[in-house]
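One structure is given here, and the rest of the page talks about it.
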Amino acid sequence: MSTSERLQIAILGGTGNVGRGLALRWAHAGHDVRVGSRSAEKAAQACSELNAQLECDAVRSGSNREVAAAAPIVVLSVPYAAQRATVEEVRDLLEGKILIDTTVPLVPPKVARVQLPNGGSAVAAIQELLGSAVKVVSAFQNVSAHLLLELKHEVDCDVLVCGDDVAARETVIGLIADIGLRGVHAGPIANSAAAEALTSLLISINARYKVPGAGIRITGLQNP
Ligand SMILES: NC(=O)c1ccc[n+]([C@@H]2O[C@H](COP(=O)([O-])OP(=O)(O)OC[C@H]3O[C@@H](n4cnc5c(N)ncnc54)[C@H](OP(=O)(O)O)[C@@H]3O)[C@@H](O)[C@H]2O)c1
């Protein structure tokens, strides 16, 4: 089910691969998107490149704190090593909001090997850090940024969506539908560990089959 309203979405680390890909697609779908960065200048540069690609001024920019303050839906798309520090930096701005966390706890250089942190899920650890005042939803771990960035091409995969708040998951599934993908309810935030682990399998599959973006499909669903 797509969202019927125009939503405000802030992307922390919006200058990166996943962040730019999501910004591009959500802005193209008509949402009000702001890309954030540690550097407002870097965000402005990414923003102007995205707007050039979109051929309109649909995307805005700011520091991570500025964009987080301005939107009820905040996306976290930074490397695992920066995940907790980035959340800590905007923590006071997240109360009552949905935080969509795309983090995969890869441990370079062996990124094709599952190496989940102690306790399991990197995203569940953020829900634990923030408490129930913030609805953390895990999504996009198994979607190649490379594919998201190619606006003209459909992305051929499903998106596993985990979170303790079912209504927040539903909102995120609507946003996923808006960019032409199918989001699937995949249970509570603890289940994010499975999605995070799957990414290393996909990286391994990409290397073995020499493809840029293997993805996953859930079969057997009639009314997901
Ligand atoms: N790449 C993929 O295909 C893919 C797919 C699914 C999920 N993921 C996951 O999604 C997340 C983002 O992936 P990505 O490929 O977009 O990452 P990325 O391009 O390497 O980095 C994203 C942004 O994070 C910020 N950043 C980098 N180092 C930082 C640090 N030390 N402290 C604070 N911010 C820092 C940078 O923004 P500023 O310099 O502008 O602040 C950067 O542009 C990761 O957790 C990744 O595992 C990636």
Side-chain angles (χ1 to χ4, degrees), residues 2 11 13-29 46 49-50 53-54 75-83 100-126 137-163 169 172-173 175-224:
S2 299
I11 307 183
T15 58
N17 297 314
V18 171
R20 282 180 298 116
L22 291 175
L24 200 58
R25 286 179 183 264
W26 275 323
H28 188 250
E49 287 167 14
L50 290 167
Q53 209 173 330
L54 290 160
V75 179
L76 181 62
S77 64
V78 299
Y80 174 53
Q83 181 204 29
I100 304 174
D101 191 349
T102 69
T103 303
V104 179
L106 298 177
V107 185
K110 294 189 175 172
V111 294
R113 175 176 298 187
V114 177
Q115 300 179 80
L116 294 182
N118 288 339
S121 159
V123 179
I126 293 301
V137 176
S138 172
F140 298 108
Q141 278 76 12
N142 310 132
V143 183
S144 159
H146 166 86
L147 299 177
L148 285 174
L149 284 161
E150 290 179 23
L151 191 55
K152 286 185 183 144
H153 292 106
E154 198 181 314
V155 183
D156 178 24
C157 68
D158 286 337
V159 182
L160 298 176
V161 180
C162 303
R169 262 196 254 145
V172 175
I173 285 171
L175 284 170
I176 291 167
D178 290 341
I179 58 175
L181 284 85
R182 185 177 69 164
V184 178
H185 283 276
I189 201 73
N191 289 0
S192 177
E196 294 165 34
L198 263 177
T199 304
S200 288
L201 276 70
L202 292 171
I203 292 170
S204 183
I205 290 166
N206 285 342
R208 179 68 181 80
Y209 292 92
K210 299 186 176 19
V211 294
I216 60 150
R217 275 266 180 243
I218 303 300
T219 62
L221 298 180
Q222 280 163 4
N223 297 302

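Just the heavy atoms: all of them, side chains too, but no hydrogens, waters or symmetry mates, feed the values below. The first residue in the sequence is number 1, and the count goes up from there.
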Heavy-atom donor-acceptor pair, [X] side chain to [Y] backbone, under 3.5 Å:
X      : Y      : result
Gln115 : Lys110 : yes
Gln83  : Ala81  : no
Arg169 : Gly163 : yes
Glu196 : Asn191 : no
Asn206 : Ala214 : yes
Arg182 : Ile218 : yes
Ser192 : Ser138 : no

Passing candidate, side-chain contact (heavy atoms from CB on, under 4.5 Å) with Leu76, options Thr103, Thr102, Ile100:
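Only one option passes, and that is Thr103.
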
From CA spacing to verdict: side-chain contact (heavy atoms from CB on, under 4.5 Å), Leu24, Gln53:
CA-CA 8 Å; Leu24 200 58; Gln53 209 173 330; 3.4 Å; yes

Before you tell me yes or no, could you show the steps for Gln141 and Leu160 under side-chain contact (heavy atoms from CB on, under 4.5 Å), namely the whole-Å CA-CA distance, both residues' side-chain angles and the distance that decides it to 0.1 Å?
CA-CA 8 Å; Gln141 278 76 12; Leu160 298 176; over 6 Å; no

Listed by chain and number, what are the side chain to side chain contact (heavy atoms under 4.5 Å, CB included) partners of His146, not counting sequence neighbours?
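Scan of His146 (side chain to side chain contact (heavy atoms under 4.5 Å, CB included), adjacent residues dropped) gives Ser144, Glu150, Pro212.
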
Give a yes or no on whether a salt bridge exists between Asp156 and Arg217, defined as a side-chain N under 4.0 angstrom from a carboxylate O.
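A salt bridge is present here (some side-chain N lies under 4.0 Å from a carboxylate O).
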
Check against side-chain contact (heavy atoms from CB on, under 4.5 Å), Ile203 and Arg113
CA-CA 9 Å; Ile203 292 170; Arg113 175 176 298 187; over 6 Å; no

Within 6.0 angstrom of Arg208 CZ, more than 12 heavy atoms from elsewhere:
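Atom CZ in Arg208 is not packed in, count stays at 12 or less.
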
